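Worksheet: one structure, shown below.
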Amino acid sequence: MTDKQKDTQHIKLYAGPEHACGYIDDQTSISVFADPSMDFDNNIYSALSRLGFRRSGNHVYRPQCPACSACWTYRVLTNEFKPSKSQKRILKNLTELSTELSSAKATVEDYDLYEKYISIRHKDGDMYPPSFQQYDEFLFSDWCDTLLLKAKDPKGNIVAVMALDILDDGLSAVYSFFDPDCQYQGLGNFLILKSIELCYRQGMPYCYLGYYIKNCGKMSYKSHYRPAEVFVNNRWQSLAKDQ
């Protein structure tokens, strides 16, 4: 057992309130949170990520529902990943887009794109109506090293953004958003493919894509990025072809 694994054993966990699940109908959900009063850093966060935890703002959490275990943490094996025909087509169709990395900072320009995306694509979700404060507190953290991967059109307009946390074994996709009205199709897939490519180029073995739920359309798309591993029953295992 490594020192980092030993450190996570002493972290207190607190259960959040039971609430309606946002992914499975007629199901309730409970998350456990790592002690918010502790001094987090990327090393501790990386160790917790290997135990299925994710970040939202300054909070690190993991679903722990008593009657359901459908949420599996999902990570792509970047050294083995090969884009499919449809994924290659997306990359080819979007070759005129440029990408750049910037440090994590809440700006008005990025927020305007986020606000438009939430207002059009997720008007029925928990993040509607959006606000600049909600955007800042959701994507960014006081202690986490985060990058923004931005896609720009030939005129320099930002059309898509992916927030990526830097872990010691990869990058973790926090959230992505894009312009629903622009001419480019497949922007969400484009950002994931570029994130996987970035991990590969940096020698990072994993690209974490959040939680995967097989029978949920909002989450099952992640299975298109293989080979991959899922964290199930407190261990990482390869995602089977029928999963």
Side-chain angles (χ1 to χ4, degrees), residues 1-76 104 122 125-128 133-146 163-176 206-216 218-223 228-239 243:
M1 182 179 294
T2 67
D3 290 340
K4 291 177 183 178
Q5 288 173 322
K6 291 177 182 178
D7 289 342
T8 60
Q9 287 187 333
H10 300 290
I11 295 176
K12 294 179 180 178
L13 300 178
Y14 297 91
E18 186 173 4
H19 59 278
C21 180
Y23 302 108
I24 301 176
D25 293 339
D26 302 321
Q27 181 65 270
T28 58
S29 175
I30 296 176
S31 294
V32 293
F33 293 84
D35 186 355
S37 67
M38 69 177 293
D39 292 327
F40 282 101
D41 59 27
N42 274 60
N43 288 330
I44 294 175
Y45 177 37
S46 295
L48 286 170
S49 293
R50 286 187 286 276
L51 296 174
F53 284 79
R54 297 274 293 160
R55 180 185 69 82
S56 177
N58 285 319
H59 300 288
V60 179
Y61 70 97
R62 182 177 72 181
Q64 192 160 310
C65 308
C68 179
S69 58
C71 292
W72 300 347
T73 311
Y74 194 99
R75 66 185 186 186
V76 181
H122 297 288
D126 295 338
M127 293 183 289
Y128 183 85
Q133 180 180 355
Q134 178 250 13
Y135 167 72
D136 187 16
E137 293 177 352
F138 166 47
L139 283 188
F140 306 104
S141 166
D142 297 331
W143 50 263
C144 184
D145 294 332
T146 303
L164 296 165
D165 285 344
I166 304 173
L167 307 178
D168 60 17
D169 61 356
L171 297 174
S172 177
V174 181
Y175 196 72
S176 66
Y206 306 114
C207 185
Y208 291 78
L209 296 184
Y211 294 114
Y212 164 72
I213 303 175
K214 179 181 178 181
N215 296 319
C216 174
K218 294 180 181 178
M219 308 290 271
S220 61
Y221 71 91
K222 297 173 186 180
S223 65
E229 294 178 339
V230 288
F231 191 75
V232 184
N233 297 325
N234 291 317
R235 69 183 182 90
W236 288 99
Q237 53 188 280
S238 297
L239 185 72
Q243 291 180 314

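Please read these numbers as outputs of a predicted model, since none were measured by experiment. Basis for what follows: all heavy atoms, side chains included, without hydrogens, waters or symmetry-related copies.
In this structure the side chain of Leu13 never reaches within 4.5 angstrom of the side chain of Phe33, judged on heavy atoms. Here the side chains of Lys222 and Val76 are not in contact, with every heavy-atom distance at 4.5 Å or above. Between Val230 and Thr73, the closest side-chain pair of non-hydrogen atoms is not below 4.5 Å. Within the 4.5 Å cutoff, the side chain of Ile11 has heavy atoms near those of the Ile44 side chain. Between Tyr45 and Phe53 there is no side-chain heavy-atom pair separated by less than 4.5 Å.
Shortest non-hydrogen contact noted between Ala70 and Cys68 is N-SG, 3.5 Å. Shown here for Ser46 and Leu167, the closest heavy-atom pair between the two residues is OG-CA, 3.3 Å. Closest approach of Trp236 and Ser49 over heavy atoms only: CZ2-O, 3.9 Å. Of all non-hydrogen atoms in Ser31 and Tyr61, the two that sit nearest each other are OG-CD1, 4.1 Å. Residues Asp35 and Phe40 come closest through the heavy atom pair O-CE1, 3.4 Å.
One distance of note links CG of Asp168 with CG of Asn42; it measures 8.5 Å at 0.5 Å rounding. Separation of atoms CZ (Phe231) and CG (Asn233) is listed at 9.0 Å; rounding is to 0.5 Å. Interatomic distance, CG of Leu164 versus CG of Asp145, reported as 12.5 Å (0.5 Å rounding). Atoms OH and OH, on Tyr74 and Tyr206 in that order, are 14.0 Å from each other to the nearest 0.5 Å. Between the CG atom of Asn215 and the OG atom of Ser220 there is a distance of 8.0 Å, given to the nearest 0.5 Å. Separation of atoms OH (Tyr212) and OH (Tyr221) is listed at 12.0 Å; rounding is to 0.5 Å.
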Next on the checklist: Let's go through Gln237 and Val232 carefully: what are the C-alpha distance in whole Å and the side-chain angles of both, what is the deciding distance for side-chain contact (heavy atoms from CB on, under 4.5 Å) to 0.1 Å, and is it a yes or a no?
Outcome noted: CA-CA 7 Å; Gln237 53 188 280; Val232 184; 3.6 Å; yes

Item to check | side-chain contact (heavy atoms from CB on, under 4.5 Å) evaluation trace for Ile30 with His19 | outcome: CA-CA 7 Å; Ile30 296 176; His19 59 278; 6.0 Å; no

Item to check | Derivation of the side-chain contact (heavy atoms from CB on, under 4.5 Å) call for Tyr14 and Val32 | outcome: CA-CA 5 Å; Tyr14 297 91; Val32 293; over 6 Å; no

Checklist entry - Would Arg50 and Tyr208 count as a side-chain contact (heavy atoms from CB on, under 4.5 Å) if you check the C-alpha gap in whole Å, the side-chain angles of each, and the deciding distance to 0.1 Å? => result CA-CA 10 Å; Arg50 286 187 286 276; Tyr208 291 78; 3.6 Å; yes

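Sorted by first and then second residue, the salt bridge (charged side-chain N to carboxylate O under 4.0 Å, His left out) pairs with a member in residues 53-76 read Arg55-Asp165, Arg75-Glu229; sequence neighbours excluded.
The main-chain N or O of Cys21 is never found under 3.5 Å from a side-chain atom of Ser29 such that the two would form a donor-acceptor pair.
In this structure, His122 and Tyr175 have tilted ring planes: the angle between them lies in the 30° to 60° band. Between Phe140 and Tyr135, the angle of the ring planes goes over 60°, which puts this pair in the perpendicular group of the 30/60° scheme.
Around atom OH of Tyr23, no more than 12 heavy atoms belonging to other residues, nucleotides or ligands sit under 6.0 Å away.
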